[in-house]
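All remarks here apply to the structure that follows.
All chains are named by letter (A, B, ...) in the order of the sequence lines, taking the proteins before the strands, and each is independently numbered beginning at 1.
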Amino acid sequence: MSTEFRLKTGLADMLKGGAIMDVTNAEQARIAEDAGAVSVMALERVPADIRRDGGVARMSSPEKIREIIESVSIPVMAKVRIGHFVEAQILQEMGVDFVDESEVLTPADEENHIDKHAFEVPFVCGCRNLGEALRRIGEGAALIRTKGEAGSGNIVEAVRHLRQIGNELRRLTILTDDELMSASKELRAPYEIVRMVARDGRLPVPNFAAGGVATPADAALCMQLGAESVFVGSGIFKSTDPEQRAKAIVKAVTHYRDPAMLVEVSMGLGEPMRGLDIATMPEEELLQTRGN
Amino acid sequence: MGAFPEATTVGPRPGPAPSPAPPRIGVLALQGSFALHAAVLRRLGIEAVEVRRAAALEGLDGLIIPGGESSTMLKFLLEEDLFDPLVAFQRDGGALYGTCAGAILMARTVENPAQKSLGVLDIEIQRNGYGRQLESHLGACPCSALGEPDLPLVMIRGPVISDTGPRVEVLAEWRGQPAFVREGKVLATTFHPELTDDTRIHAYFLELAAEAREATSRKSGGTISR
């Protein structure tokens, strides 16, 4: 890990134990900041709307991003399409603090992700398993999040991905040195990073959860399963009382092991977003299978 | 425990002089780099307590307020009745060390934008004083109190200390501004030693916390009850 890379993961370290909220405009950004979000994620439409409307989902417009940057004092993240390095160049130029190369938007490249080492701005990328996480880290991602199933309001996929990563991490740590090349081949991940992870028993960058968080309990579940922070997408602004729900999720992330606090924060929140049953969804509607 | 084994007496021979009990340290664990601070303390032989509620301050000699988002942590301080207990902790002689967001929370005055703060350290501080993440940077600054080598400096969307009161000692400067300051038993850095391998600032803080422990011990006639 180069010392310069420490600046990128360092910002992710400062966001630990927090909630990062999807916002589409300045008003939502202020609601998120007032609720105690550690960062906001700028995007054109929240995942539930992308899912409903269809069409090509792209980076948010520079005007919207500018408006969001100017309205809050916390770090601002924004999404780019997988492989769309020019959208990333634009965000870096605008002073965005973190770029999410995200499967929630329509991929621009079906083969390659962005060479994230080429940027000064740090990147976060989604993954469903350890191999995918390590490939993204190999490309220069400074923060990993689970993909979950964005816009579904259903935590089942984020749980699957957190458990998968945890399980594969633990397995790596019991291998002998001469078994690591083969493991690297199976994981389709860079050997040097596989070695580092096997030695340390954890990812070399922070690991957050995303995709389907709708309630304070969902957020605390992700934390108890090993996530270090939680991204909340449609779960806030598709609920009936975004202010209260946002606050409650922030508190649930901090007090994730304190059931008495979880009871308290889960009261009086109105209706959560309506969820989708992923088991009955057609494969082509899944967002998590984009990028690999 | 680690570097502070308990003194024991074996048989008739006199044992070693009892070493003073290590200071009890908490890390404010609402959000941010609290686990990294705890890891540094562990390397120094101290198992820190994670503080999420005021009750956990009981019996501590020192508290670290970590880096993170000061606006987020401030909401917890105000809404979960931690604000006054933290001010009281300092007033009653507890040692404090704040990094980055922690320095902001402890300051007398916060600007860019203005926000409420504990006022336990007589400094004025500008949030995000260097700018956004693209202005985050590395460096090294000399610090005569801690000797050679220079302190490695990781500045992440760091604040800038724009004014210091008469009792505030500037222990290190960066780009002509105070970056490491001390007032009594309160320490602050605008940078993040918890992101480096250098443990000297934490060791220095443990000395202040040990003094806090002794002072309390004297006050209560040997039994520590803070």
Side-chain angles (χ1 to χ4, degrees), chain A residues 1-20 30 32-40 69 71-77 91-99 119-122 142 202 206 228-229 246-247 250-251 253-258 260-261 264-265, chain B residues 27-37 39 50-53 66-80 82 99-102 104 110-115 126-128 131-140 152-159 191-192 194-197:
Chain A
M1 259 336 90
S2 76
T3 47
E4 290 291 333
F5 192 63
R6 204 72 195 89
L7 284 178
K8 295 180 174 179
T9 56
L11 180 56
D13 283 325
M14 297 310 138
L15 301 175
K16 285 178 178 174
I20 299 144
R30 278 191 294 266
E33 183 178 49
D34 287 344
V38 290
S39 176
V40 290
I69 285 178
S71 65
V72 293
S73 66
I74 53 180
V76 174
M77 302 191 181
L91 292 183
Q92 174 167 283
E93 183 61 29
M94 293 185 70
V96 160
D97 297 292
F98 234 108
V99 173
F119 288 80
E120 274 184 66
V121 65
R202 58 179 173 80
E228 295 174 292
S229 272
K247 269 190 185 183
V250 166
K251 292 193 175 179
V253 171
T254 290
H255 298 292
Y256 69 97
R257 274 192 296 230
D258 184 340
M261 280 300 285
E264 195 182 314
V265 305
Chain B
V27 182
L28 193 65
L30 300 171
Q31 188 271 315
S33 60
F34 58 88
L36 294 169
H37 276 290
E50 290 188 352
V51 175
R52 292 186 175 80
R53 298 201 193 218
E69 282 308 313
S70 64
S71 60
T72 300
M73 290 191 237
L74 181 62
K75 295 217 155 57
F76 280 93
L77 298 193
L78 294 172
E79 288 175 19
E80 298 190 356
L82 274 160
T99 57
C100 192
I104 295 170
V110 179
E111 284 175 356
N112 189 39
Q115 71 185 23
Q126 312 289 324
R127 288 182 64 198
N128 303 322
R132 309 189 67 82
Q133 170 64 9
L134 291 177
E135 269 65 58
S136 289
H137 55 272
L138 303 168
L153 178 145
V154 183
M155 195 73 87
I156 308 279
R157 281 175 54 103
F191 55 95
H192 295 283
E194 77 276 20
L195 295 180
T196 72
D197 292 330

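In this structure, B:R52 does not pair ionically with A:D258, as no charged nitrogen and carboxylate oxygen lie closer than 4.0 Å.
Using modelled atom types, no side-chain atom of B:E69 and backbone atom of A:G36 make a donor-acceptor pair closer than 3.5 Å.
Residue contact with chain B, scored on non-hydrogen atoms closer than 4.5 Å, involves the backbone and the side chain of A:V250 alike. Both the backbone and the side chain of B:L195 have a heavy atom closer than 4.5 Å to some heavy atom of chain A. Contact annotation for A:K251: both backbone and side-chain heavy atoms come within less than 4.5 Å of a heavy atom of chain B. Both the backbone and the side chain of B:S136 come within less than 4.5 Å of a heavy atom of chain A. Residue B:M73 does not touch chain A at all, counting heavy-atom pairs closer than 4.5 Å. Contacts between A:A37 and chain B at a heavy-atom distance below 4.5 Å involve the backbone alone (N, CA, C, O). Neither the backbone nor the side chain of B:E135 has a heavy atom closer than 4.5 Å to any heavy atom of chain A. Of the two parts of B:A101, neither the backbone nor the side chain holds a non-hydrogen atom closer than 4.5 Å to a non-hydrogen atom of chain A.
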request  = Give the C-alpha distance, both sets of side-chain angles, the deciding distance and a yes or no for side chain to side chain donor-acceptor pair (under 3.5 Å) between A:S73 and B:R127.
outcome  = CA-CA 9 Å; A:S73 66; B:R127 288 182 64 198; 3.0 Å; yes
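Comparing A:V96, A:V253, A:I69 by heavy-atom pairs within less than 4.5 Å of chain B, the highest count is held by A:I69.
A donor and an acceptor atom, one from each side chain of A:E4 and B:H137, are nowhere located under 3.5 Å apart.
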